[in-house]
**Student:** 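Would you mind keeping the following structure in view while I ask a few things?
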Amino acid sequence: MSTIIHEFTTKIPGWRPRVQPIKLDEATPEQLDALKVTPSNTKVSDYVLVLANDVETLKVRTPLFNAIMYNRGGMGRAERELSAVGASVVNRCVYCAAVHASRYNQLTKNEQVMQAIFANGEEAELDERQKAIFLFAAKLSKAPSEATEEDMQALRDAGLKDDEILDLILSASLFGWANRLMHTLGDPVVE
Amino acid sequence: MSDLSPNDIVIAQAGIGANGSVREALEGRADIMAMTQATHDAALKPSDPGGLSHGERAALAARVARLNEDEALAAHYMTLLEEAGADEAVAAMADPAHDGEGDARRAALLAYTDLVSTHPRDTTPEDIEALKSAGISDADIVRLSELNAFLAYQIRVIAGLKLMKATA
């Protein structure tokens, strides 16, 4: 038996789909290609098997996701994870928040930032730069009109350059996408 | 690094000029902008649309743009809707005040779209069950979710770029 979890955690839960994942042995060549299934890599998560129901979107979304989160230059990787957590907290995607909070912790070796965010949300005590990034991601996630020129100015005042601000916009927006899949098409569960 | 496309919808919608600091930042991420355009095409005009027609996708997209108070983006999707040659019942879905008028399938698509586009945190397993009860297949539920999820992304990138430009 598994139980749905509702509280934020940095321990990555399981994920139980609400719709049918495709069956790997019935997958089309296009689906296998999008899933990157090869003889040496046959492990595919239920989440990705669910998304393979819309293979045309999956095959272009995966490279977009990787480019926004991992491309060189611009905003650092840990700060992109912070942005992802800002969106995931607002959208209450417990699974996404767990994955990206734990990556943030691995990258920074500092668990206090995520503890503060999970405990106090937008009231969390963070340094100026962390706070500007987190709040911008959270507000843009609530509704595009919630993020203001003052929030953008706070980013500039905290020292973010244009290329970093662009990466923040992209990563926060990307999780508007990811949260709407992960949080709606399945449940985070523990055994 | 490739160049930015002159037909990039996000850049055009954000009103980014041919020069300036925002354009320069975007040029550094030209690959991501090209992939963003590719996801637009996959979500709105897939070669296999399944049970969610190009017309319905464009109408839902215009609706979501309006729910996010982005009339210029809604106009883009109304153009796609026209190109799709959709009938009146489908075109009506673009109006956020329209609720499907008793058509169970369309009513379910609209209710789900309204919820996921504006209050994704409030979605529950029952919302997916409601789609299934209205006869929408699992594959089409994923297609509908991807469309909504893509729009949430696109609308936010445009809004963020507008703020960048305003404070450049």
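Nothing here was measured: the structure is a model prediction, and the numbers come from that model. Residue numbering restarts at 1 for every chain, and letters A, B, ... go by the order of the sequence lines.
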**Student:** Do you know which of A:Thr148, A:Ile4, A:Asp151, A:Ile22 has the most heavy-atom pairs with chain B at a distance under 4.5 angstrom?
**Tutor:** A:Thr148
**Student:** Give the minimum heavy-atom separation between B:Asn148 and A:Arg180, together with the two atoms involved.
**Tutor:** O-CD, 4.1 Å
**Student:** Kindly compute the distance separating CG (A:Leu170) from CG (B:Leu161), expressed to the nearest 0.5 Å.
**Tutor:**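 That separation rounds to 7.5 Å.
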**Student:** Counting only heavy atoms not in A:Glu122 (residues, nucleotides, ligands), do more than 12 fall under 6.0 Å from its CD?
**Tutor:**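 Yes, because the 6.0 Å sphere around CD of A:Glu122 holds more than 12 heavy atoms from other groups.
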**Student:** Does CD belonging to B:Glu82 count more than 12 external heavy atoms closer than 6.0 Å?
**Tutor:**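 Atom CD in B:Glu82 is not crowded, with 12 or fewer foreign heavy atoms closer than 6.0 Å.
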**Student:** Which one of B:Ser21, B:Ala168, B:Ala159, B:Ala43 has the most heavy-atom pairs closer than 4.5 Å to chain A?
**Tutor:**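 Of the candidates given, the most pairs with chain A belong to B:Ser21.
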**Student:** So does B:Ser47 get a backbone contact from the side chain of A:Glu56, meaning a donor-acceptor N/O pair under 3.5 Å?
**Tutor:**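 Yes; at least one donor-acceptor contact below 3.5 Å.
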**Student:** Measure up the A:Trp177 and B:Tyr153 rings against each other and bin them: parallel (under 30°), tilted (30 to 60°), perpendicular (over 60°).
**Tutor:** tilted
**Student:** Is B:Ile32 close to A:Leu64 at the side-chain level, that is, under 4.5 Å between some pair of heavy atoms?
**Tutor:**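 Yes. Closest side-chain heavy atoms under 4.5 Å.
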**Student:** Of all the heavy-atom pairs spanning B:Met35 and A:Ala67, show the shortest one and how long it is.
**Tutor:**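 Minimum heavy-atom separation between B:Met35 and A:Ala67: CE-CB, 3.9 Å.
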**Student:** State, to 0.1 Å, how close B:Ser145 and A:Leu185 come at their nearest heavy-atom pair, and which atoms those are.
**Tutor:** OG-CD2, 3.4 Å
**Student:** Could you tell me whether the side chain of B:Ile141 reaches within less than 4.5 Å of the side chain of A:Asn53, counting heavy atoms only?
**Tutor:** no
**Student:** Taking A:Ala143, A:Ala87, A:Ala147 one by one, which has the highest count of heavy-atom pairs under 4.5 Å against chain B?
**Tutor:**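 Among the listed options, the one with the most contacts to chain B is A:Ala147.
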**Student:** List the atom of B:Gly160, the atom of A:Leu140, and the distance in Å for their closest heavy-atom pair.
**Tutor:** N-CD1, 4.4 Å
**Student:** Among B:Leu147, B:Val22, B:Leu131, B:Asp48, which has the most heavy-atom pairs under 4.5 Å with chain A?
**Tutor:** B:Asp48
**Student:** Count the heavy-atom pairs under 4.5 Å between each of A:Asp187, A:Thr57, A:Ile68, A:Asp163 and chain B, then report the option with the highest count.
**Tutor:** A:Thr57
**Student:** Which one wins on heavy-atom pair count under 4.5 Å against chain A: B:Ala38, B:Pro46, B:Gly50, B:Ser137?
**Tutor:**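 Heavy-atom pairs under 4.5 Å are most numerous for B:Pro46.
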**Student:** Would you call B:Ile128 and A:Val19 a side-chain contact if the rule is heavy atoms closer than 4.5 Å?
**Tutor:** yes
**Student:** Are A:Asn179 and B:Pro120 packed together at the side-chain level, in the sense that at least one heavy-atom pair is separated by less than 4.5 angstrom?
**Tutor:** no
**Student:** Pairing donors with acceptors under 3.5 angstrom, does anything connect the side chains of A:Asn71 and B:Asp31?
**Tutor:** yes
**Student:** To the closest 0.5 Å, what do you measure between OG (A:Ser145) and CG (B:Asn68)?
**Tutor:** 7.5 Å
**Student:** Please report the shortest heavy-atom distance between B:Arg121 and A:His183, naming the atom on each side.
**Tutor:** O-NE2, 3.2 Å
**Student:** Taking every heavy-atom pair that is under 4.5 Å apart, which of A:Leu58, A:Leu155, A:Asp167, A:Leu168 has the most such pairs with chain B?
**Tutor:** A:Asp167
**Student:** Taking A:Glu149, A:Lys161, A:Gln20 one by one, which has the highest count of heavy-atom pairs under 4.5 Å against chain B?
**Tutor:**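 Of the options given, most contacts go to A:Glu149.
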**Student:** For chain A, find which of B:Ile155, B:Thr118, B:Leu151, B:Asp138 contributes the most heavy-atom pairs closer than 4.5 angstrom.
**Tutor:** B:Asp138
**Student:** Going by atom types only, do B:Thr167 and A:Arg156 share a side-chain donor-acceptor pair under 3.5 Å?
**Tutor:** yes
**Student:** More than 12 non-hydrogen atoms from neighbouring residues, nucleotides or ligands closer than 6.0 Å to CG on B:Asp87, yes or no?
**Tutor:**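 Enclosed: over 12 neighbouring heavy atoms sit under 6.0 Å from CG of B:Asp87.
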**Student:** Return the CG to CD distance between A:Leu181 and B:Glu146, rounded to the nearest 0.5 Å.
**Tutor:**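 Nearest 0.5 Å value for the CG-CD distance: 4.5 Å.
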**Student:** Identify the two heavy atoms, one from B:Arg156 and one from A:Pro144, that lie closest to each other, and give their separation to 0.1 Å.
**Tutor:**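 Residues B:Arg156 and A:Pro144, closest heavy atoms: NH2-CD, 3.8 Å.
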**Student:** Against chain A, work out which of B:Met164, B:Lys162, B:Arg143, B:Glu24 has the most heavy-atom pairs shorter than 4.5 Å and name it.
**Tutor:** B:Met164
